[in-house]
2 protein chains.
Amino acid sequence: MIYLKNRKVMSDRMRTLKYAILGLINRGSMTGYDLMKVFNMELVNFWYAKHSQIYPELKKLSDEGLITYETVLQGEKLEKKLYSLTEAGKEAFLNWLAKQDLLEPTPKDIFRLKSYFIESMTKEEILSQFNYQLDQRKEKLKKLEATMIEHPYAKGIIDIVTPEYGDYIVLKGAIMREITYIDWLTECINEIKNY
Amino acid sequence: MIYLKNRKVMSDRMRTLKYAILGLINRGSMTGYDLMKVFNMELVNFWYAKHSQIYPELKKLSDEGLITYETVLQGEKLEKKLYSLTEAGKEAFLNWLAKQDLLEPTPKDIFRLKSYFIESMTKEEILSQFNYQLDQRKEKLKKLEATMIEHPYAKGIIDIVTPEYGDYIVLKGAIMREITYIDWLTECINEIKNY
DNA sequence: CGTATACATGTCAATACTTACATGACTATT
DNA sequence: AATAGTCATGTAAGTATTGACATGTATACG
C-alpha cells in the first residue's frame with residue numbers, strides 16, 4: 001500500500017546523545033563548546049562525546065525543532081551559538097526520561113577480555129598486567145574521592161530536588177564501581193601470587 | 001614526497017573484535033556460528049558481537065593471513081568453515097595480550113545518565129524507575145550466581161593454568177559488579193524514600 | 001608585544017556496530 | 001509429513017563514534 005521510498009521513520013533507535021544534550025540544555029542555555037566541556041569533565045563517568053559528534057547533533061536537533069539558538073558575541077568578533085530548549089524539546093526530553101528501560105547489554109571491557117585469556121600469559125605477565133591496571137584504577141578513585149569531598153552533598157546538604165543531587169548520586173555510583181573494580185583486581189592478584 | 005592516495009596504514013586502532021576472535025580460535029578451532037554463540041553466551045559480560053559483524057571480520061582475518069579454514073560438511077550438504085590460527089595469528093594474539101593498556105574511557109550507562117537528570121522527575125517516577133532497574137539487576141545477579149555454583153572453580157579446583165580459571169575470574173568480576181550496582185540502587189532508593 | 005592556552009565551530013573519512021534482508025540445511029517432535 | 005527451532009553463512013543500509021583536518025578569536029602571562 002505504502003511505497004517505501006524515503007522511509008524516514010526507521011525507528012528512533014536509542015539516540016542517547018540527543019537526549020543527553022536536551023537534558024543538559026534543559027538545565028540552562030549552553031553553546032556546543034560548553035556541552036563538550038560538560039560531557040568530558042562532568043558526565044565523563046557515564047556519558048561523553050567529542051565535539052565532532054556534538055556539533056552535527058546540535059544541527060540535527062535544530063532541524064527537528066527541539067532546540068533554538070541565538071548568536072552572541074564573545075569579545076569583538078567571535079560568534080557563538082547559545083542554545084535553548086523549545087517546548088517540543090522539553091517534552092521530548094521528559095518523555096525519554098520517564099520511559100522505563102530494559103537493561104542495556106553489559107558494557108564491553110578489554111581488560112576483562114584479556115583476563116579471560118589469562119592461561120596464555122605467564123605468571124609474571126599476569127601480575128604485571130593486573131598491577132598496572134590496579135595502579136591506574138587507584139589513581140582514578142583518588143580523583144573521584146577528591147571531587148566528592150568538594151561536593152555540597154558530602155557536606156550534609158540534603159535537598160533532593162536540585163541538579164546537585166543528580167551529580168551526587170552518579171558520583172557516588174562511580175566511586176562504588178571503582179572500589180569494586182579495585183577489589184576484584186586485588187583478589188585476583190592475591191590468588192595468583194599465592195599460587 | 002609521498003602521495004597520500006590509498007593510505008591504508010592509518011593505525012590499527014583497537015580492533016578488539018579481531019583479537020577476541022583470535023583468542024577464541026586459539027582455544028580451539030571454531031566456525032563463525034560457534035564464535036557467535038560463545039560471544040553471546042559466555043563472553044557476554046565483557047564482549048559480544050552479532051553474526052553480521054563476525055562473518056566479515058573472519059573474512060578480513062583470513063585475508064590478513066591470521067586464520068585459515070577448512071570446509072567441513074555437517075550432514076549431507078551443509079557446509080561450514082572451521083577456522084584455525086596461523087602462526088602469524090597466534091603471534092598477533094599474544095602480542096596484543098601482553099601489551100599493557102591505559103584505562104579505557106568509562107563505559108556509557110543510560111540509567112546513570114537518567115539518574116543525573118533526577119531533579120526533572122517526580123518522587124514517584126524516580127522510585128518506579130529505580131525499582132524497575134533493581135528488579136532486573138537482581139534477576140541478572142541470580143543468573144550469574146547460578147552459573148557460578150556450577151563452575152568447577154567454585155568447587156575448589158585450583159589450577160590457574162587452564163581456560164577455566166579465566167572463565168572463573170571474569171564471572172566473579174561480573175558478580176561483584178552486579179552486586180555493587182544493586183547496592184547503589186538500593187542506597188539511592190532508601191535515601192529518596194526517606195526524603 | 002609575543003605566545004601559549006583556551007574558546008569556538010565546523011567537516012571528512014574511516015571504524016564500529018546494529019537491524020533488517022536473504023537463503024538454505026539439519027534435527028527433534030508431533 | 002509437517003513444522004518449529006537450531007545450525008549455518010552471508011549482505012546492505014543505516015547509526016554511532018573516532019581522529020584528523022581546518023580555521024579563526026580571546027585571554028592570561030611574562
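Order of the sequence lines sets the chain letters (A, B, ...), proteins ahead of strands, with each chain counted from 1. Please read all numbers here as calculations on a predicted model, not as lab measurements.
- Note: B/Phe117 and A/Phe93 meet the aromatic proximity criterion, with ring centroids under 6.0 Å apart.
- If you take CD of B/Glu76 and P of C/dG24, they are 18 Å apart, rounded to a whole angstrom.
- Distances shown here put a side-chain N or O of A/Lys81 below 4.0 Å from the OP1 or OP2 atom of C/dG10.
- Under the 6.0 Å cut-off for aromatic ring centres, A/Tyr83 and A/Tyr69 qualify, their centroids lying closer than that.
- Map A/Lys60 and B/Thr31 each onto its nearest nucleotide of DNA chain D; the residue landing nearer the 5' end is B/Thr31.
- With sequence neighbours left out, the salt bridge (Lys or Arg N to Asp or Glu O under 4.0 Å) criterion links A/Lys18 to A/Asp12, A/Glu64.
- Between the side chains of B/Glu191 and A/Tyr165, at least one donor-acceptor pair of N or O atoms lies under 3.5 Å.
- Within 4.0 Å (heavy atoms only), A/Lys59 reaches no atom of the nucleic acid at all.
- Nucleotide C/dA16 holds its P atom 10 Å from the CE atom of B/Met14, rounded to whole Å.
- Between the CD1 atom of A/Ile54 and the P atom of C/dT11 there is a distance of 14 Å, rounded to whole Å.
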Nucleotides 17-19 of chain C: which of its N/O atoms have a protein N/O under 3.5 Å away?
from: C/dC17; atom 1: OP1; to: A/Lys108; atom 2: NZ; distance (Å): 3.1
from: C/dC17; atom 1: OP2; to: B/Gln53; atom 2: NE2; distance (Å): 2.9
from: C/dT19; atom 1: OP2; to: B/Lys50; atom 2: NZ; distance (Å): 3.0
from: C/dT19; atom 1: O4; to: B/Ser52; atom 2: OG; distance (Å): 2.8

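- By the side chain to side chain donor-acceptor pair (under 3.5 Å) test, A/Tyr132 is found to be paired with no residue, residues two or more places apart in sequence or in another chain being considered.
- Rounded to an integer number of Å, the gap from CD of A/Glu57 to P of C/dT11 is 13 Å.
- For the pair B/Leu35 CG and D/dT9 C1', the computed distance is 13 Å after rounding to whole Å.
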Tabulate protein N/O versus nucleotide N/O from nucleotides 5-7 of chain C, keeping only pairs under 3.5 Å, one per line.
from: C/dC7; atom 1: OP2; to: A/Tyr33; atom 2: OH; distance (Å): 3.1

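- The interatomic distance linking A/Ile21 (CD1) with D/dT17 (P) rounds to 11 Å, in whole Å.
- Here B/Glu70 does not pair with B/Lys81 in a salt bridge; the nearest charged N to carboxylate O distance is not below 4.0 Å.
- Using a 4.5 Å heavy-atom threshold, the side chains of B/Leu103 and A/Tyr181 count as separate.
- Both A/Arg15 and A/Gly75 lie near DNA chain D, and the one whose nearest nucleotide falls closer to the 5' end is A/Arg15.
- In terms of the ring-ring contact (aromatic ring centres under 6.0 Å, His included) criterion, A/Tyr33 has no residue partners (sequence neighbours excluded).
- Side-chain atoms of A/Ile110 and B/Glu104, non-hydrogen and from C-beta on, do get closer than 4.5 Å to each other.
- Note: A/Phe111 and B/Phe46 fail the aromatic proximity criterion, with ring centroids not under 6.0 Å apart.
- When rounded to the nearest whole Å, the span between CG of B/Leu73 and P of D/dT9 equals 12 Å.
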Secondary structure of DNA chain D in dot-bracket form (Watson-Crick or G-U wobble, distances below 3.5 Å, | marking inter-strand pairs): ||||||||||||||||||||||||||||||

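- Side-chain contact, B/Asp183 with B/Thr186: no donor N or O sits under 3.5 Å from an acceptor N or O.
- Around the NZ atom of A/Lys108, the shell of radius 6.0 Å holds more than 12 heavy atoms that belong to other residues, nucleotides or ligands.
- Distance A/Met36 CE to C/dG10 P: 13 Å, rounded to the nearest Å.
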